[in-house]
Amino acid sequence: MLLMSQHTNQKGTAAVEFAIVLPLLVLILFGILDFALLFYNKQVLTNASREGARAAIVVDNRTTPTTIDGDELTFLQDIIKNYCKDRLINLNGNDDLVNAPVFSINTGTGHITATVTYDYDHLFSGITGFSSTTLTGRTVMRSE
């Protein structure tokens, strides 16, 4: 008789255990979602810097390979901004690039470097503990 009464008192045990484990599962799920968006945006910035570097090589080969003037730099910045425009995902903030893309040209070795910087606001900053992360995409290409 004593054993039978112990089993009848455990009806709500599963619900209590689930209530204890649920916050941890939700934290893990939201963290996975947030960092998946972060890595996706990092890949978009890397591809945008590749597009900018490729366009800079075309511009560099068309002109003298010494400098890119202001109009050409604006054109290259627009290429990168247009690439990022509909691809970046930032559900907790704006989708604007932090800085205009920076292009540096090393004429001595014939390399062109395109760097794109972006502040990603974490979606669940209250839960994960991260507020924002600065992402950078950088590409170096040889201009021959």
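The figures that follow rest on heavy atoms only: side chains count, while hydrogens, waters and symmetry mates do not.
Ile89 and Val116 fall within a single hydrophobic cluster, where Ile, Leu, Val, Met, Phe, Trp and Tyr are joined by side-chain heavy atoms under 4.5 Å apart, directly or via other members. Under a hydrophobic clustering in which Ile, Leu, Val, Met, Phe, Trp and Tyr are joined whenever their side-chain heavy atoms come within less than 4.5 Å, directly or via other members, Val26 and Val16 fall into different clusters. Hydrophobic clustering (side-chain heavy atoms under 4.5 Å, transitive across Ile, Leu, Val, Met, Phe, Trp, Tyr) keeps Ile20 apart from Ile28. Leu33 and Val44 end up in the same hydrophobic cluster when Ile, Leu, Val, Met, Phe, Trp and Tyr side chains are linked at under 4.5 Å. Leu38 and Tyr40 fall within a single hydrophobic cluster, where Ile, Leu, Val, Met, Phe, Trp and Tyr side chains are chained together by heavy-atom contacts under 4.5 Å.
The two residues Thr139 and Thr46 have their closest heavy-atom pair at OG1-O, 3.8 Å. Closest approach of Ile57 and Met141 over heavy atoms only: CD1-CB, 3.3 Å. Annotation for Leu76 and Gly52: closest pair CD2-O, 4.1 Å, computed over non-hydrogen atoms.
There is a side-chain donor-acceptor pair under 3.5 Å between His122 and Thr133. No donor-acceptor contact under 3.5 angstrom links the side chains of Ser132 and Asp119, judged on distance only. A donor-acceptor pair shorter than 3.5 Å cannot be found between the side chains of Asp78 and Tyr83. With hydrogens and angles left out, the side-chain atoms of Gln43 and Asn47 include a donor and acceptor closer than 3.5 Å.
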Would you check, one step at a time, whether the test side chain to side chain contact (heavy atoms under 4.5 Å, CB included) holds for Thr134 with Thr117? CA-CA 7 Å; Thr134 301; Thr117 306; 3.4 Å; yes
Evaluate the criterion side chain to side chain contact (heavy atoms under 4.5 Å, CB included) for residue pair Ile79 and Gln77; output intermediate values, then yes/no. CA-CA 5 Å; Ile79 287 175; Gln77 289 172 347; over 6 Å; no
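The distance from the OG atom of Ser49 to the CZ atom of Arg54 is 12.5 Å, given to the nearest 0.5 Å. Here the OG1-CG distance, from Thr115 to Leu45, works out to 11.0 Å after rounding to the nearest 0.5 Å. Remark: Leu22 CG to Leu27 CG distance equals 11.0 Å, nearest 0.5 Å. Here Arg87 contributes atom CZ and Asn82 contributes atom CG; the two are 9.5 Å apart, rounded to the nearest 0.5 Å. With rounding to the nearest 0.5 angstrom, the CG atom of Asp34 is 10.0 Å from the CG atom of Asp121.
Side chain of Tyr120 to main chain of Phe39: no donor-acceptor pair is present (N/O by atom type, distance under 3.5 Å, no hydrogens or angles). Between the side chain of Lys42 and the main chain of Leu135, no donor-acceptor pair closer than 3.5 Å is present.
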